[in-house]
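Here the structure comes first, spelled out in structure tokens, and everything after it is commentary.
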Amino acid sequence: MQEMSEPDPELAKKAHRAQMILYGVMIFLGVLPFVLLWLKNRGVFN
């Protein structure tokens, strides 16, 4: 487990990208209901 003390830059890059995607999905899911409500109030789905 000695190699784990020095983080692999490629792995760190992948982890960072995964974290950004996760945050993006969380924000998207948080905003989506309001967007759908707004579209419904505009009468888009009629």
Side-chain angles (χ1 to χ4, degrees):
M1 293 297 287
Q2 188 63 33
E3 296 145 20
M4 290 304 291
S5 61
E6 218 171 287
D8 185 12
E10 197 61 37
L11 193 66
K13 207 187 294 175
K14 279 181 187 163
H16 182 72
R17 191 178 299 134
Q19 200 176 21
M20 288 298 107
I21 290 169
L22 190 66
Y23 281 132
V25 167
M26 278 166 51
I27 291 167
F28 178 71
L29 288 176
V31 170
L32 189 63
F34 298 105
V35 172
L36 288 174
L37 272 174
W38 179 71
L39 287 173
K40 197 173 152 203
N41 288 338
R42 293 278 310 273
V44 174
F45 296 129
N46 285 346

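Every heavy atom of this structure was used, including side-chain atoms; hydrogens, water molecules and symmetry mates were not.
The hydrophobic cluster containing Tyr23, built from Ile/Leu/Val/Met/Phe/Trp/Tyr side-chain heavy atoms closer than 4.5 Å, also comprises Met20, Leu22, Met26.
Between Ile21 and Arg17, some side-chain heavy-atom pair lies under the 4.5 Å cut-off.
With sequence neighbours excluded, the residues forming a side chain to side chain contact (heavy atoms under 4.5 Å, CB included) with Phe28 are Leu32, listed by chain and number.
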